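These numbers were taken from a predicted model, which means no experiment stands behind them. Proteins get letters first, then strands, A, B, ... in listed order; numbering begins at 1 in each.
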Amino acid sequence: MIPWNDIETKWRAKWSQSKEFEIEPDSRTKKFITVAYPYPNSPQHIGHGRTYTLADVHARFLRMNGYNTLFPMGFHYTGTPILGMAKRVQEGDKELIENFEKLYHVPPDTIKEFVEPVKIADYFHEEIKQGMIEMGYSIDWRREFTTIDPVYKKFIEWQFRKLKSLNFVVQGSHPVGWCPKDQNPVSQHDTLGDVEPDFTEYILVKFHLDDVIIPTATLRPETIFGVTNLWINPNIKYKKIKVDNETWIVSPECAYKLEFLNKSITVISEVSGSELVGKTVSILDKKVPMFPASFVESQTGTGIVMSVPAHAPFDYQALVDYQKQNSSTIQPIPIIKTEGFGEIPAKEIVEKMGITNQDDPRLDEATNEVYSKEFYSGVLRENTGKFAGLKVSEAKDTIKAWLAESKNSDILLELNDGPIRCRCGAECVVKLLNNQWFLNYLDQAWKDKTNQCFEKMSILPNEIRTEFNYVVGWLRQRACARQHGLGTNLPWDQNWIVESLSDSVIYMAYYILAKYVNSRELKADSLSDEFFEFVFYGNGDAKQTAAKCGVQENVLQKIRTDFAYFYPVDARHSGRDLVPNHLTFFVLNHVAIFPEALWPKQIVVNGSVLMDGKKMSKSMGNIIPLRKAIQDYGADPIRLAIIISAELLQDADFNLESVNTIKGKLEAIYEDCVRHKPGMPAKLQSEDNWILGRLDHLIIQTTGAVEKMRLREALHHILFSFESDLQWYLKRVEVKRRTDVSGILHKILAVRVAMLSPFAPHLAEEMWERLGNSGVVSRSAWPVPSNSTDSSSIQSEELLQSTIEDIKNVLKVTKITPQKIVLYTADPWKVKAFGKIAASVVAGQTNIGAIIKDLIANPETENIKKDPDFVKKSVNSILAEPEEMRKIRAELEPINETAVLSSELSALVKKEFGVDMQVFTESDTAKYDPKNKARMARPFKPALYIE
RNA sequence: GCGGGAGUCGCCAAGCCCGGUCAACGGCGUAAGGUUCAGAUCCUUAUCUCCUAGGAGUUCGUGGGUUCAAAUCCCACCUCCCGCACCA
């Protein structure tokens, strides 16, 4: 057993002692690797570990390749969820407090402090940081910060003044879910039952009753042409109110809602619904009556409904109900033609479903069906005037605009799935916030520049690139400030706090400053915009800026030099959920604020982590906290298990079996590390050359994979793919009773351990030490191929392997117990012909006929006439080989098969099958060949006889 | 609806960009054998079907097509997953 935790502690201490990851500018090329910083509202779990692990592997790999690689980390305190949590703690929320105690193991005394939001953030900040340290991430902790640090706030203020000066910040109105009691916007975390406060925009169609306006709320303004009457609930006490300069009649609930939508409301009087029934209202050139209906609800819309019986099942049924008791000549007016429906869709569907009264709940279903069919495939009929022929999906917006223009409509915003309650208990409403600040991501020049940056960037995996392009095209204005939460106040309007996805877009630049903040050489006190202009752009005079900002001049210069050295960002890692927001904003803001030379170079996106194939969630109880997992399984096995289970964009399935498999694999390599000593044998034999060639191959494959961040593939090469090669080598060595291969095995191990070290850094250090190396493997060079490839060794080892395979195959099929094995190698003319065939194939000629013609034309190979099938078989066997091997076959002198087989294979055959073996050439007159097999011989495919 | 992604041999999952190395990596599971007093671990072998000579057949969501050759390229269809905002 490997004492994982001891080894990890030991090496972490060493790294920390030698300040291994504290990176300063030097003469080498730099790389700046960043990851989206965490939001500290809970401990991190295995899933969070994935992105950070990928970034860490990336950073460590680059470091071994000679790059001076900085990997920093910060903590994102900005936002509202923590605020909501603090409030819930204050209220004594059982569920939350239990989560803290049982799930997160937060000490009770600490939980008490959680009424203060910052304490929550601070606690989980430390928790997450410890986890990152324990995972062995090669982070330069001197550059740590939180987004509520005073200097950070100055930085964000600068960023926003900058954006504003570039006209990227604009003001407008914006609807939000709102708690009237708290006077605050509500998001999902602020509502009882964590309901997302979604809302819908209704069109208020204004009917006129003399000089009073009767507004009706609808989602289908186009149906105005089919209106036959209004529905009024006689039992509702409506309010007559003054709305700005007009007089409206609406339900009391509606009157209340309107107040939050920028309207000034004064109640004039009450009007009973029954008083309104029977009166006639007008709109455009229409006059319609108001009829009573029980389905009309006071709390929905205005409490008055526009009736379109041809297309609205509710209206149709209410009309039928009304006409049972009253005489009325009103008929539905069809205004939409839809394939699959007849004249009056509402009638059809109501009758089909067997609905007989307006309180039937199935009317909702009926409404949905008519609505969606008509929306996507309906066309307006002739009786809709200038809109005739328009598709409903287009007509909706056109008519909406037309009504608004002619002052026949207004807007009502209403919460979906209401009532939604705030945690304080009050019922939420929709509020139209005035003077909301937006980042104008609509700006075309801005978008163009962003696209330019994306074009030049490396996006891994590249499949995700189209998604970025789509997002950039689709982005509109984005609210960039809120009225509560932790964060930085808008510099020009203290009522607003910069929203969390807007204060996290260029903070990678702040890592450079953070080091000096932490060393107290940089203080917020008198920091002004000149400071940032100097550091980021080199603008201004150092002496003056230093004096003005209260910074030592040499410190200021150093910060500027550091920034110029480390920027731009070379890679940004994140989960794919941040593609449509943070990652895109990150690029947008960089191109807005920084010159092209400082634009980011690469984005690496990864999928999420599943637990035993299922999504991790609190309710399923399958969340494994990262630190717990480290204690139980060790950091390295977890790192490997996360990486090996899926390629970048796939969801990685984490399960205990894979962790154990990995552990086993690592343990085997670890044990091997004490067995071998350095020192090459005096003379390399065929199998030595071969295995060293395979080792080169391994290095090339692995390096290529890591460069593309195909880490699963890379790990596979290191841990598994090489295994079968190694087994073959060991078998060969054993059969030959060699004792001089320790050095070769040592070299192989050293290469594998070095390549393993970005993935499993702690254990790799331990292995490296066991191998007798001085110094840390983290600082060693990434292995490079030694070009020891010797193609004749490759050919002869391949020959031996495939011959053994053939023998096994025959034995398996015939089920005979061998007494004697005889091999026959191909005649020289076949070898010649085979070489030519290989050359043709490599050149792209696989047409059998053409190849045969060619061969016959040459006296050396004209024998082919006797055995044309030889060509087909050869072509196939060459095609069945890897490309490099085909080249070798075509270009290189063939080996002497008879010699190789007799000298090397006998012992292997003896060991494998326990019998003696003889080798003849095909045309040897003295050969033993009772079954006439020899003629089947082909190059690299000796004929075979077993008895 | 718009946009993105995926359907592979029991399960997970590579391969598809760059067509032959693909009956298709690897892991898990299953089976047999070895180690063990026994079990767990570990190691070896096998794991689409057929086969007494190294072979053949049928497979990679479905149906077509291109090609000497297709899991891989093209067309159509079916099914599933994710995002669509002011929230980290």
Side-chain angles (χ1 to χ4, degrees), chain A residues 1 36 38-39 41 76 78-82 174-176 185 187-189 196 372 375-376 393 436 438-439 441 461-471 473-482 485 499-502 504 576-582 607-608 610 612-613 641 644-647 649-653 655-658 660-665 667-668 710 712-713 715-717 719-721 723-724 727 802-803 805-816 841 846-849 875-886 931 933 936 941-946:
Chain A
M1 275 308 280
Y39 184 67
N41 69 337
H76 199 195
T78 314
T80 55
I82 287 177
H174 178 68
V176 292
S187 61
Q188 193 174 346
H189 324 275
E196 178 71 36
S372 66
F375 182 78
Y376 294 119
S393 50
Q436 168 73 50
F438 293 93
L439 282 171
Y441 291 145
N462 202 39
E463 291 100 287
I464 206 88
R465 187 184 287 277
T466 44
E467 210 163 316
F468 279 113
N469 294 337
Y470 176 74
V471 174
W474 160 93
L475 273 177
R476 300 282 174 267
Q477 298 175 330
R478 186 192 164 82
C480 61
R482 322 190 92 230
E499 174 272 340
S500 57
L501 281 171
S502 306
S504 57
R576 71 175 309 173
D577 50 332
L578 299 187
V579 168
N581 41 67
H582 168 259
S608 61
L610 304 176
D612 287 322
I644 206 157
S645 68
E647 250 352 311
L649 210 52
Q650 289 285 330
D651 288 345
D653 189 11
N655 53 58
L656 299 184
E657 289 92 50
S658 62
N660 282 326
T661 307
I662 299 280
K663 277 178 111 164
K665 197 85 215 160
E667 265 167 40
R710 297 184 54 97
R712 179 199 126 98
E713 186 185 321
L715 253 188
H716 238 279
H717 285 130
L719 293 180
F720 298 110
S721 315
E723 213 65 350
S724 54
Q727 270 177 27
S802 65
T803 308
E805 275 307 301
D806 279 354
I807 296 172
K808 273 191 186 162
N809 243 322
V810 172
L811 290 177
K812 187 182 150 198
V813 175
T814 60
K815 302 190 179 79
I816 54 178
V841 172
T846 53
N847 185 309
I848 312 281
V875 168
N876 283 339
S877 76
I878 291 161
L879 281 173
E881 282 177 323
E883 211 138 333
E884 315 138 49
M885 199 62 202
R886 294 181 198 169
K931 285 268 172 78
K933 293 279 183 191
M936 311 256 293
K941 187 92 180 157
L944 172 58
Y945 171 67
I946 303 176

Quiz item: If the sugar-phosphate is the primed atoms plus P, OP1 and OP2 and the base is the rest, what is the B/S/- string for nucleotides 41-54 of chain B, using protein heavy atoms under 4.0 Å?
Solution: ---S-------SBB

Partner nucleotide, any strand, of [N] [Watson-Crick/G-U, under 3.5 Å]:
{"N": "B/rA76", "value": "B/rU62"}
{"N": "B/rG83", "value": "B/rC2"}
{"N": "B/rU67", "value": "none"}
{"N": "B/rA46", "value": "B/rU30"}
{"N": "B/rC16", "value": "none"}
{"N": "B/rA53", "value": "none"}
{"N": "B/rC22", "value": "none"}

Nearest 0.5 angstrom please: [X] [atom1] to [Y] [atom2], how far?
{"X": "A/Gln650", "Y": "A/Leu610", "atom1": "CD", "atom2": "CG", "value": "10.0 Å"}
{"X": "A/Leu649", "Y": "A/Glu467", "atom1": "CG", "atom2": "CD", "value": "8.0 Å"}
{"X": "A/His76", "Y": "A/Ile82", "atom1": "NE2", "atom2": "CD1", "value": "10.0 Å"}
{"X": "A/Met936", "Y": "A/Lys931", "atom1": "CE", "atom2": "NZ", "value": "12.0 Å"}

Quiz item: So A/Tyr470 and A/Trp474, would you call those rings parallel, tilted or perpendicular, with 30° and 60° as cut-offs?
Solution: parallel

Practice problem: May I ask you to decide if A/Arg476's main-chain N or O and A/Arg478's side chain share a donor-acceptor pair within less than 3.5 Å? | Solution: no

Exercise. Look only at the side chain of A/Gln436 and the backbone of A/Ala481, and say whether a donor-acceptor pair between them is shorter than 3.5 Å.
Key: yes

Self-check item: Toward the 5' end of RNA chain B, by each residue's nearest nucleotide, A/Gln650 or A/Glu463
Solution: A/Glu463

Exercise. Would you mind telling me which residue lines up with the more 5' stretch of RNA chain B, A/Glu713 or A/Gly79, judged by nearest nucleotide?
Key: A/Glu713

Between [N] and [M], how far is it from one [atom1] atom to the other, in whole Å?
{"N": "B/rC75", "M": "B/rC18", "atom1": "P", "value": "15 Å"}
{"N": "B/rC80", "M": "B/rU21", "atom1": "P", "value": "34 Å"}
{"N": "B/rC16", "M": "B/rG61", "atom1": "P", "value": "15 Å"}
{"N": "B/rU36", "M": "B/rG29", "atom1": "P", "value": "23 Å"}
{"N": "B/rC78", "M": "B/rC25", "atom1": "P", "value": "32 Å"}
{"N": "B/rC81", "M": "B/rA76", "atom1": "C1'", "value": "22 Å"}
{"N": "B/rU67", "M": "B/rC28", "atom1": "P", "value": "44 Å"}
{"N": "B/rG34", "M": "B/rA71", "atom1": "P", "value": "41 Å"}

Between atom [atom1] in [X] and atom [atom2] in [N], what is the gap in whole Å?
{"X": "A/Asp651", "N": "B/rG83", "atom1": "CG", "atom2": "C1'", "value": "14 Å"}
{"X": "A/Trp474", "N": "B/rA85", "atom1": "CH2", "atom2": "P", "value": "6 Å"}
{"X": "A/Glu647", "N": "B/rC25", "atom1": "CD", "atom2": "P", "value": "16 Å"}
{"X": "A/Glu467", "N": "B/rG4", "atom1": "CD", "atom2": "C1'", "value": "5 Å"}
{"X": "A/Arg476", "N": "B/rA85", "atom1": "CZ", "atom2": "P", "value": "12 Å"}
{"X": "A/His582", "N": "B/rC86", "atom1": "NE2", "atom2": "P", "value": "18 Å"}
{"X": "A/Arg478", "N": "B/rC84", "atom1": "CZ", "atom2": "C1'", "value": "13 Å"}
{"X": "A/Leu578", "N": "B/rG83", "atom1": "CG", "atom2": "P", "value": "13 Å"}

Exercise. Only counting residues at least two apart or in another chain, list the ones meeting ring-ring contact (aromatic ring centres under 6.0 Å, His included) with A/His717.
Key: none

Practice problem: Would you check, one step at a time, whether the test side chain to side chain contact (heavy atoms under 4.5 Å, CB included) holds for A/Leu439 with A/Ser502? | Solution: CA-CA 9 Å; A/Leu439 282 171; A/Ser502 306; 3.8 Å; yes

Among [options], which is the nearest nucleotide to the side chain of [X]?
{"X": "A/Glu499", "options": "B/rC25, B/rA88, B/rA85", "result": "B/rA88"}
{"X": "A/Ser500", "options": "B/rA85, B/rA88, B/rC86", "result": "B/rA88"}
{"X": "A/Arg576", "options": "B/rG83, B/rG4, B/rC84", "result": "B/rG4"}

Sugar-phosphate, base or nothing in reach of [X], heavy atoms under 4.0 Å:
{"X": "A/Leu501", "result": "base"}
{"X": "A/His174", "result": "base"}
{"X": "A/Tyr470", "result": "base"}

Exercise. Verify the contact: side-chain N or O of A/Thr80 to OP1 or OP2 of B/rA88, cut-off strictly under 4.0 Å; return yes or no.
Key: yes

Quiz item: Would you say a side-chain N or O of A/Arg710 is under 4.0 Å from OP1 or OP2 of B/rG15?
Solution: yes

Exercise. Could you tell me whether the side chain of A/Asn581 has a donor or acceptor atom within less than 3.5 Å of a complementary atom in the base of B/rA88?
Key: yes

